[in-house]
Amino acid sequence: MNYWLMKSEPDVFGIDDLRTRPQQTEHWDGIRNYQARNMMRDEMKKGDLVFFYHSNTNPVGIAGIMKIAREAYPDFTAQNPDSKYYDPKSNPDNPRWYMVDVKFVRKLKSVITLEELKQHADALGDMALLRKGNRLSINPVTKEQWDYILELE
DNA sequence: GCCAACGTTGGC
DNA sequence: GCCAACGTTGGC
């Protein structure tokens with residue numbers, strides 16, 4: 001069982017959007033970074049738990065929990081010229097980009113903010129999220145970090 | 001293979 | 001809206 005953190009801007013797609021989707025499930029499209037893609041494609045397994053992180057909002061932080069409902073499959077938005085995620089270099093026979101399906105688990109009682117996480121930087125070790133300049137939209141989380149963060153709720 | 005230009009992310 | 005960080009592109 002692996003743990004993850006995935007970022008999304010709530011103005012575009014937030015935890016409440018996932019909660020109100022049919023079956024409370026949605027595909028996580030638009031990953032266009034190779035490092036993030038590789039983690040998603042090669043390491044994410046069905047049942048893995050994921051922190052839903054709200055970025056570019058106020059306050060930024062972890063808003064809820066979801067789980068991987070379907071393992072990686074080709075991101076069809078890469079083949080759609082009308083999509084903002086269209087990638088003309090992706091070939092349907094050899095897809096460049098992948099996505100997973102995520103299912104809502106629960107919201108946190110309140111958002112655990114980035115500021116609060118930073119205050120616990122020592123206990124959280126070198127958590128990827130807290131690294132300077134980290135822009136990856138998918139971050140691995142250790143079990144220790146996962147458990148510790150939930151204690152902050 | 002280098003690297004300047006450019007685009008994107010995401011906190012503030 | 002600003003800007004630091006960083007990834008990608010493309011000319012050479």
Side-chain angles (χ1 to χ4, degrees), chain A residues 2-21 26-44 48-68 72-142 144-146 148-153:
Chain A
N2 299 312
Y3 299 88
W4 307 95
L5 177 146
M6 293 164 80
K7 300 177 185 174
S8 180
E9 302 183 22
D11 288 348
V12 179
F13 184 76
I15 186 77
D16 283 320
D17 296 304
L18 180 60
R19 182 174 54 82
T20 53
R21 283 291 193 274
E26 186 58 279
H27 55 266
W28 198 274
D29 60 15
I31 298 294
R32 296 292 180 271
N33 171 285
Y34 289 108
Q35 243 184 299
R37 179 205 67 182
N38 292 346
M39 283 191 277
M40 192 166 61
R41 185 189 59 190
D42 304 336
E43 297 175 45
M44 276 190 175
D48 284 359
L49 289 169
V50 185
F51 283 136
F52 195 133
Y53 181 91
H54 283 176
S55 64
N56 267 310
T57 185
N58 189 17
V60 297
I62 297 167
I65 297 174
M66 52 191 175
K67 65 183 176 186
I68 302 300
Y73 60 103
D75 182 341
F76 51 76
T77 64
Q79 313 303 146
N80 176 5
D82 295 326
S83 169
K84 65 178 280 202
Y85 298 124
Y86 178 58
D87 181 355
K89 292 176 187 165
S90 181
N91 177 344
D93 297 327
N94 183 20
R96 178 182 290 202
W97 304 115
Y98 286 78
M99 58 183 165
V100 294
D101 287 354
V102 292
K103 183 176 171 64
F104 177 84
V105 174
R106 68 177 178 91
K107 289 176 73 168
L108 299 190
K109 297 187 197 90
S110 62
V111 172
I112 298 175
T113 64
L114 178 60
E115 187 186 6
E116 189 175 0
L117 292 171
K118 283 178 177 170
Q119 288 166 9
H120 295 270
D122 286 347
L124 291 171
D126 64 342
M127 190 179 183
L129 179 75
L130 301 180
R131 259 178 239 147
K132 188 177 180 184
N134 168 45
R135 297 180 312 154
L136 266 189
S137 58
I138 297 179
N139 286 264
V141 175
T142 67
E144 290 71 25
Q145 289 161 349
W146 179 275
Y148 185 90
I149 288 168
L150 283 182
E151 292 287 316
L152 301 177
E153 191 182 2

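Sequence lines set the chain letters: A, B, ... in the order given, protein chains first and strands last, and positions in each chain run from 1. Values reported hereafter were calculated over all heavy atoms of this structure, with side chains retained and with hydrogens, waters and symmetry mates removed. Being a predicted model, the structure only gives us computed values, none of them experimental.
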### Query
For residues 6-15 of chain A, which residues have at least one heavy atom under 4.0 Å from DNA chain B?
A:Lys7

### Contact summary for A:Leu108 and A:Ile62, nearest pair of heavy atoms
CD1-O, 3.5 Å

### Message
Going by salt bridge (charged side-chain N to carboxylate O under 4.0 Å, His left out), name the pairs with one or both residues in residues 30-44 of chain A, residues two or more places apart or in two chains.
### Response
A:Arg32-A:Asp75

### Task
Apply side-chain hydrogen bond (donor to acceptor under 3.5 Å, both in side chains) to A:Thr142 and list each qualifying residue two or more places apart in sequence or on a separate chain.
A:Gln145

### Task
On DNA chain B, reading 5' to 3', which nucleotide is the first and which the last to sit with an atom under 4.0 Å from a heavy atom of chain A, could you check?
B:dG7 to B:dC12

### Task
Name every residue in residues 126-136 of chain A that has at least one heavy atom under 4.0 Å from any atom of DNA chain C, in order of residue number, or write none if there are no such residues.
A:Lys132, A:Gly133, A:Arg135

### Message
Taking side-chain hydrogen bond (donor to acceptor under 3.5 Å, both in side chains) as the definition, give me every residue that meets it alongside A:Glu151, ordered by chain and number, with sequence neighbours left out.
### Response
none

### Task
With sequence neighbours excluded, tell me which residues meet salt bridge (Lys or Arg N to Asp or Glu O under 4.0 Å) with A:Asp82.
none

### Message
Nearest heavy atom decides the nucleotide; on that basis, is A:Lys89 or A:Asn56 closer to the 5' end of DNA chain C?
### Response
A:Asn56

### Query
Can you list the residues that meet the side-chain hydrogen bond (donor to acceptor under 3.5 Å, both in side chains) rule with A:His27, with sequence neighbours excluded?
none

### Task
Only counting residues at least two apart or in another chain, list the ones meeting salt bridge (Lys or Arg N to Asp or Glu O under 4.0 Å) with A:Asp87.
A:Arg96

### Message
Going by the rule ring-ring contact (aromatic ring centres under 6.0 Å, His included), which residues pair with A:Trp97 if we only count those two or more places apart in sequence or in a different chain?
### Response
A:Tyr34

### Task
Sort and list the pairs that fulfil side-chain hydrogen bond (donor to acceptor under 3.5 Å, both in side chains) and have at least one residue in residues 5-14 of chain A, not counting sequence neighbours.
A:Glu9-A:Asn56

### Query
Excluding sequence neighbours, so at least two apart, what forms salt bridge (Lys or Arg N to Asp or Glu O under 4.0 Å) with A:Lys118?
none

